[in-house]
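Note that these values count all heavy atoms, side chains included, but never hydrogens, waters or copies made by symmetry. Fair warning: this is a prediction, and the values are worked out from it, not measured in the lab.
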Amino acid sequence: MSSSTGPSEPNHVLEFPGGYTRSVGPVIGRFLSELRDGRLVGVRTAGGRVLVPPSEHDPDTGEDVTGEFVGVGPAGTVTTWSWVPRPAKEHPLDRPFAWALIRPDGADTALLHALDLGVFEEGAQPPKFLKTGMRVRPRWRPERTGGIGDIECFQPEVTLINAPTRLEYELRGGKALRRFLEGIAEGRILGHRCPVCEQVIVPMKGLCPRDGVPTIEEVELPDTGTVTTFAVNNIPDPRAPEVPFVSAYVLLDGAGLTMLTLVAGVPADQVRMGMRVRAAWRPREEWDRSMNNIRWFEPLDEPDVPFDEIKDYL
């Protein structure tokens with residue numbers, strides 16, 4: 001309550017030092033008692049509707065409610081909302097939040113409460129996932145006294161989780177793969193020639209995937225080739241120089257099958273089919289028996305290969 005006698009005079013505030021105490025009656029009293037115990041209840045009307053918060057009278061007919069209390073929620077559905085981008089000190093949260101009308105499961109009416117959607121900077125726009133129909137649950141205070149504030153706020157139900165995973169495995173190569181890695185350790189890229197189709201298979205596998213016959217004839221290939229197809233990746237990878245990065249199938253000169261590798265040394269949006277590339281080897285002192293010896297493939301200053309020459313290797 002305030003009054004003012006002129007535009008330049010401050011407001012005068014009337015305050016109740018001890019607070020304002022009132023009786024709540026059996027219906028509201030039951031509702032508040034259940035809140036203190038961490039439960040939500042509504043009251044049933046003569047027409048069968050469940051009112052939350054409970055009321056002593058049916059708002060449609062004015063008749064007394066039945067006195068039958070019904071457990072509802074605790075989950076509910078947002079029926080409408082209003083975003084608060086700059087909370088005032090009197091608000092229940094100190095960061096942007098929403099006021100929402102929430103209809104608890106099993107109820108026919110909605111409860112007004114604060115909806116916490118996470119941490120946002122002051123003045124932020126409402127998040128896109130805030131919408132009518134959102135499923136929410138109450139966040140209860142650890143110490144409750146029997147008031148609507150016993151629910152600190154509502155929060156969205158969990159619909160997504162981020163489950164960190166890590167998989168480590170040790171690959172034991174067969175005879176062909178061991179020989180291929182021996183070549184990589186020497187700075188050489190080795191393949192096998194198929195005795196039937198005469199295609200050179202790299203990395204060597206010990207058999208031809210086309211003809212199904214064993215392969216033993218070794219062929220050393222150059223470390224240059226052509227990008228046949230590629231993908232731009234936006235998820236970080238410890239092998240890649242930056243994000244976004246490109247993983248590509250490269251057809252080494254003289255090979256009959258493509259090899260999956262990284263392509264760098266050029267912006268991701270400039271990688272293209274038919275682009276000529278060369279292996280970027282790590283310093284020799286870092287070499288071991290692994291494909292890590294080749295950091296990635298980089299562009300060559302050569303004309304692109306026409307599509308018709310690589311279309312059979314896509």
Tell me if a side-chain donor or acceptor on [X] pairs with a main-chain N or O of [Y] at a distance below 3.5 Å.
| X | Y | result |
| --- | --- | --- |
| S23 | G25 | no |
| N233 | A231 | yes |
| R188 | G183 | no |
| R44 | G67 | no |
| D237 | R239 | yes |

Residues in side chain to side chain donor-acceptor pair (under 3.5 Å) contact with [X], at least two apart in sequence or another chain:
| X | result |
| --- | --- |
| D60 | R49 |
| E309 | none |
| R276 | T226, D253, E302 |

Determine, for [X] against [Y], whether the closest basic-nitrogen to carboxylate-oxygen distance falls under 4.0 angstrom.
| X | Y | value |
| --- | --- | --- |
| E168 | R166 | yes |
| R178 | E182 | no |
| D116 | R95 | yes |
| D105 | R135 | yes |
| E218 | R179 | yes |
| D150 | R141 | no |

Shortest non-hydrogen contact between A98 and L130, atoms and distance
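Scanning both residues completely, I find the closest heavy atoms to be CB-CD2, 4.1 Å.
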What heavy-atom pair brings P236 and V243 nearest, and what distance separates the two atoms?
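For P236 versus V243, the nearest heavy atoms are CA-CG2, 3.6 Å.
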Option passing side-chain contact (heavy atoms from CB on, under 4.5 Å) with H192 (candidates M204, Q199, E217, K205)
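Of the listed options, the one satisfying the test is M204.
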Residue of the set C153, P92, P126 for which side-chain contact (heavy atoms from CB on, under 4.5 Å) holds with F97:
P92
Report yes if the side chains of D223 and L252 come closer than 4.5 Å at any heavy-atom pair, otherwise no.
no
Are any non-hydrogen side-chain atoms of L35 and I151 less than 4.5 angstrom apart?
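Yes, side chains in contact.
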Hey, mind stepping through M134 and F129 against side-chain contact (heavy atoms from CB on, under 4.5 Å) and telling me if it holds?
CA-CA 8 Å; M134 171 183 284; F129 60 85; 3.6 Å; yes
Among residues at least two apart in sequence or on other chains, which ones pass ring-ring contact (aromatic ring centres under 6.0 Å, His included) with W287?
W281
For F297, ring-ring contact (aromatic ring centres under 6.0 Å, His included) partners two or more places apart:
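Expected list: none.
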Could you walk me through whether V271 and V266 pass side-chain contact (heavy atoms from CB on, under 4.5 Å), step by step?
CA-CA 7 Å; V271 177; V266 61; 3.7 Å; yes
Going by the ring-ring contact (aromatic ring centres under 6.0 Å, His included) test, which pairs reach into residues 42-90, not counting sequence neighbours?
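Sorted result for residues 42-90: W83-F120.
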Determine whether L300 and T224 satisfy the following criterion, side-chain contact (heavy atoms from CB on, under 4.5 Å), listing intermediate values before the conclusion.
CA-CA 8 Å; L300 277 173; T224 56; 3.9 Å; yes
Show the numbers, then the answer: is there a side-chain contact (heavy atoms from CB on, under 4.5 Å) between R39 and W140?
CA-CA 10 Å; R39 293 188 295 268; W140 298 92; 5.6 Å; no
